[in-house]
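Notes follow the structure.
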Amino acid sequence: MSQISGVLVLAECFGGVISPHSHEMFSAGQALSEGLGEQFILALLGTYQEDALEQIGKLDPSIAVVSALVDEENVTLPYQAWEDVAAGVVEQHQPRVVITPGTAFGSDYGARLAARLGLPMTSYVTSVAVENGGVIVTRDVLGGRAETAIRCDPSTTLVMALEPGMIDPSAIGDIAAISLQDVFAELAPESTVATPVSTRRPLKGAERVVSGGRGMRDATGVALVEELAEALDAAVGASGAAVVMGLSPHDLQVGSSGEVVTPKLYLAAGLSGTPQHLYGMRESQFVVAINSDPNAPIFQIADFGIVGDLFEVVPALIAALKAPVAS
Amino acid sequence: MRIAVFVKQVVDVRTVRIDGQTGKPKVADAPVMNTADAHAVNAAIDLKEIAGGEITAVSLGPKDVLDVLVSALATGADQALHVASDETSTADSLATAQALASAVRDEGFDVLIAGHRSDDTETAQVGMQIAEVLGIPHLSGVMTVAADGESLQVQRDADGFPEVLTVQTPVVLIIKESEEAPKRHPSLRGMMQAKRKLVREVEADVPMTSALSWSEPMGQRVSADRILLEGVPAEDAAVQLAAWLREHRLVG
Ligand SMILES: Cc1cc2nc3c(=O)[nH]c(=O)nc-3n(C[C@H](O)[C@H](O)[C@H](O)COP(=O)(O)OP(=O)(O)OC[C@H]3O[C@@H](n4cnc5c(N)ncnc54)[C@H](O)[C@@H]3O)c2cc1C
Ligand SMILES: Nc1ncnc2c1ncn2[C@@H]1O[C@H](COP(=O)(O)O)[C@@H](O)[C@H]1O
């Protein structure tokens, strides 16, 4: 059996442009290649990648760049062409680690690629590291409420896909990483039902933050969360879902593609606590969560949790905060 | 049309509690059918209603998985195939997919339906890997299916955008995740009928091994003074929270 070596990143190029997620893959690949002391191989997969190849320009010369043109012409489903090309690159290089895209598009071929080559695969990876000369990755299980660490037999190639938005992206040669903030800002609708940001307490540096998520549902829920923030003299924050739904402006987003906050109090209402959101608030001193689902991962890090409907609990809390304190 | 639907038995993640002191998940209740697979069973029945044919529910695991097979039969599947193995806890997605693919390979299925991902291991790999091992295409994010002879019109969610594709059978369809409860459930009448339906057993013919090793899942350890109010009326809970906020000097 031939020896496996090297860390291979299968970056995606769409229309000559490297995808934002590819910068996260690059960053993870670089960390692993450094940690293992092995060659870093960057493959650019796409129907057209010349622009990207040109732009990479001054890439660290120790990185091997492979151009892998995908021809989607004669396949029924595009991912089949990507899978064929990816399989060729992996077979040629026999790497120790392969990083496939964790995007919706990339997921369609990553697991198939692993099955075709008979290799173990793990998806939704939230962190990568090298420990005792071996690769160790983490991922969430059991509905995001627990985490497991995965290792791979060092004689076998490990295929992995990353959970998007969890690993800090890095520049690829001359191409700066598109910040996730910008990606989300673009996803966000132009106007939202929330009060304009200018009239509020700034999120950055706030001592208290009250954030709402998808559970706010509509303008009524948003108004409730804003009123609670007012009662607590807190800044308002939001989850990525609330932003994409047009409830809250992107400036208020907390998380890996929003603001990272470390207030004394972080109160989360109607948001589940996805890894991307926790990234932005887990260092808060005290966390309070209001959620109707007792299994929401946010309760895992809450100091005070109320399982209940925010449309009942939040008005009651506003009333309780306004009521005179019995001495 | 010959339809297969893959159903997995999993721990009921809604009943898993994380021990605050050790961080270890505690599984209390009986295992259940994977949430996504209940949707897959419904999609199989929808397809049978428009295209006719027969549905076989397929599950890999120890004897216990007969429960989820019976539950699929009681919801409307016509027969069941138990791919027996006592070692599935050491299998990774590839071994699982190989065992399932091998069990269905010679059954002549036109459409094979899987869930998006397992509630417990959350890999979202097995459906696609079954397709790869069988050498047939798959479609992910499937929302609705219409049939027309040998081909299917499939409406799917392509990264947030709906698209309609026409595909030839055989094909693996991976049903889009849904937060809604599935339309159909096992009925009492279905349970009675299930007793008369055919359940076959084959041995898994692939070793249940993996080059991967995974650590015991660990949840967050929480401090002993963590407070979680469940089933407390909103007003009472709010008053307690307000007092707690004041006590910790967290009000403005
Ligand atoms: C590259 C990338 C980057 C991302 N970056 C970020 C980021 O920076 N920040 C971020 O937040 N997200 C980010 N996301 C999105 C993230 O993956 C989730 O989609 C998002 O965090 C979910 O928001 P949510 O918790 O509001 O929604 P959900 O996960 O849908 O949770 C809604 C919660 O509300 C609860 N609920 C519903 N109704 C009620 C009610 N009446 N009362 C009480 N509770 C109720 C539900 O039980 C549920 O737990 C990113 C995603 C990607 C792919
Ligand atoms: N042991 C199993 N038996 C039957 N089907 C399974 C099994 N494991 C996974 N599947 C199918 O594959 C889908 C994706 O699972 P996973 O890749 O584990 O997240 C599930 O929704 C099921 O349809």
Side-chain angles (χ1 to χ4, degrees), chain A residues 76-77 80 103-105 107-108 111-116 118-124 139-143 145-153 155-156 158 207-208 231-234 264-265 286 288 294-295 299-309 312-313 316-317 319-321 323 325, chain B residues 11 13-14 16 18 23 25 92-94 97-98 119-125 128-129 131-133 137-141 158-160 165 167-168 210-220 222-223 225-232 234-235 237-239 241-242 244-246 248 250-252:
Chain A
T76 331
L77 299 161
Q80 295 173 327
T103 53
F105 180 78
S107 304
D108 264 334
R112 292 192 70 122
L113 172 72
R116 180 192 290 201
L119 299 174
M121 162 148 198
T122 180
S123 49
Y124 303 108
R139 71 193 305 285
D140 284 359
V141 290
L142 295 170
R145 290 183 304 139
E147 188 182 78
T148 179
I150 298 179
R151 284 163 224 269
C152 182
D153 171 351
S155 65
T156 310
L158 169 65
E207 280 218 351
R208 289 173 293 278
L232 281 167
D233 191 18
K264 264 163 73 178
L265 170 67
F286 288 101
V288 175
N295 294 311
F299 285 128
Q300 291 298 305
I301 63 159
D303 301 285
F304 198 114
I306 298 179
V307 180
D309 184 348
E312 292 173 18
V313 176
L317 180 58
L321 287 167
V325 187
Chain B
V11 298
V13 288
R14 288 161 307 184
V16 172
I18 308 292
D92 61 11
S93 68
L94 183 56
Q98 284 169 336
D119 293 337
D120 53 355
T121 52
E122 299 188 39
T123 72
Q125 292 167 199
M128 298 171 200
Q129 296 193 316
E132 180 67 40
V133 177
H138 79 270
L139 291 180
S140 59
D159 208 1
L165 294 171
V167 286
Q168 302 297 311
S210 177
L212 303 178
S213 57
W214 40 92
S215 66
E216 282 292 307
M218 280 297 240
Q220 201 82 27
V222 291
S223 63
D225 46 4
R226 194 246 325 230
I227 300 166
L228 185 66
L229 304 181
E230 198 172 345
V232 177
E235 273 75 27
V239 167
L241 174 53
W244 182 88
L245 288 168
R246 289 198 180 98
H248 290 84
L250 297 169
V251 285

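In what follows, every chain begins at residue 1, and chains take the letters A, B, ... in the order their sequences are listed.
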Decide side chain to side chain contact (heavy atoms under 4.5 Å, CB included) for B/Leu228 and A/Phe304; before the verdict, give the C-alpha distance in whole Å, the side-chain angles of both, and the deciding distance to 0.1 Å. CA-CA 6 Å; B/Leu228 185 66; A/Phe304 198 114; over 6 Å; no

Given A/Asp303 and B/His248, is the side chain to side chain donor-acceptor pair (under 3.5 Å) satisfied, shown in steps? CA-CA 11 Å; A/Asp303 301 285; B/His248 290 84; over 6 Å; no

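Top candidate by heavy-atom pairs under 4.5 Å with chain B, chosen from A/Gly118, A/Cys152, A/Ala319, A/Ser107, is A/Cys152. Of the listed residues (A/Glu207, A/Glu147, A/Glu312), the one with the most heavy-atom contacts under 4.5 Å to chain B is A/Glu147. The residue among B/Gln220, B/Gln168, B/Gln98 with the most heavy atom pairs within less than 4.5 Å of chain A is B/Gln220. Of the listed residues (A/Pro120, A/Ala149, A/Gly308, A/Ala302), the greatest number of heavy-atom pairs within a distance under 4.5 Å of chain B belongs to A/Ala149.
Looking at A/Leu232 and B/Leu245, their side chains come closer than 4.5 Å, going by heavy atoms from C-beta outward. Residues A/Val141 and B/Asp120 have side chains not in contact (no heavy-atom distance under 4.5 Å, counting atoms from C-beta outward). Between A/Gln300 and B/Ile18 the shortest side-chain heavy-atom distance falls below 4.5 Å. Using a 4.5 Å cut-off on side-chain heavy atoms (C-beta onward), A/Asp108 and B/His138 make contact. A/Ser123 is listed as a side-chain neighbour of B/Gln125, based on a closest heavy-atom distance under 4.5 Å.
When heavy atoms are compared at a cutoff of 4.5 Å, A/Asn295 approaches chain B solely by way of its side chain, counted from C-beta outward. With a threshold of 4.5 angstrom between heavy atoms, B/Leu94 approaches chain A through side-chain atoms but not through N, CA, C or O. Only the side chain of A/Arg208 comes within contact range of chain B, with heavy atoms under 4.5 Å apart. Heavy-atom distances place the backbone of B/Glu216, and not its side chain, under 4.5 Å from chain A. Looking at A/Leu158, only its side chain comes within 4.5 Å of chain B, counting heavy atoms on both sides. Residue B/Val232 does not touch chain A at all, counting heavy-atom pairs closer than 4.5 Å. For A/Ala323, the part lying under 4.5 angstrom from a heavy atom of chain B is the backbone only. Contacts between B/Ala237 and chain A at a heavy-atom distance below 4.5 Å involve backbone atoms as well as side-chain atoms. Interface residue A/Gln80: only side-chain heavy atoms are found under 4.5 Å from chain B. Using a 4.5 Å cut-off between heavy atoms, B/Ala131 contacts chain A through both its backbone and its side chain. Only the side chain of A/Phe286 has a heavy atom closer than 4.5 Å to any heavy atom of chain B. With a 4.5 angstrom heavy-atom cutoff, A/Leu77 touches chain B only via side-chain atoms. Both the backbone and the side chain of B/Ser213 come within contact range of chain A, each with at least one heavy atom under 4.5 Å from a heavy atom of that chain. Contacts of A/Ala234 with chain B are absent, with no heavy-atom separation under 4.5 Å from either backbone or side chain.
Here the OG-CG distance, from B/Ser210 to A/Asp153, works out to 9.0 Å after rounding to the nearest 0.5 Å. Atom-to-atom distance recorded for B/Leu229:CG and A/Ile306:CD1 is 5.5 Å, nearest 0.5 angstrom. For the atom pair CE of B/Met218 and OG1 of A/Thr148, the computed distance is 10.5 Å after rounding to the nearest 0.5 Å. Here CG of B/Leu250 is found 6.5 Å from NZ of A/Lys264. Values are rounded to the nearest 0.5 Å. Atoms CZ and CD1, on B/Arg226 and A/Ile301 in that order, are 11.0 Å from each other to the nearest 0.5 Å. Between B/Asp92 atom CG and A/Leu119 atom CG the span is 10.5 Å, to the nearest 0.5 Å.
Residues that satisfy the ring pair (Phe, Tyr, Trp, His ring centres under 6.0 Å) test with A/Tyr124, not counting sequence neighbours, are absent from this structure. For A/Thr122, the side chain to side chain donor-acceptor pair (under 3.5 Å) partners two or more places apart in sequence, or in a different chain, are A/Arg139.
Checked by atom type and distance alone, the side chain of B/Arg14 never pairs as donor or acceptor with a backbone atom of A/Pro294 at under 3.5 Å. Of the possible donor and acceptor atoms, none in the side chain of A/Arg145 sits under 3.5 Å from a partner among the backbone N and O of B/Pro25.
In this structure, A/Leu317 and B/Ala242 approach most closely via the heavy-atom pair CD1-N, 4.0 Å. The two residues A/Ala114 and B/Gln129 come nearest to each other via the heavy atoms CB-NE2, 3.9 Å.
A side chain to side chain contact (heavy atoms under 4.5 Å, CB included) with B/Val251 is found for one member of A/Asp233, A/Leu321, A/Leu265 and no other, namely A/Leu321.
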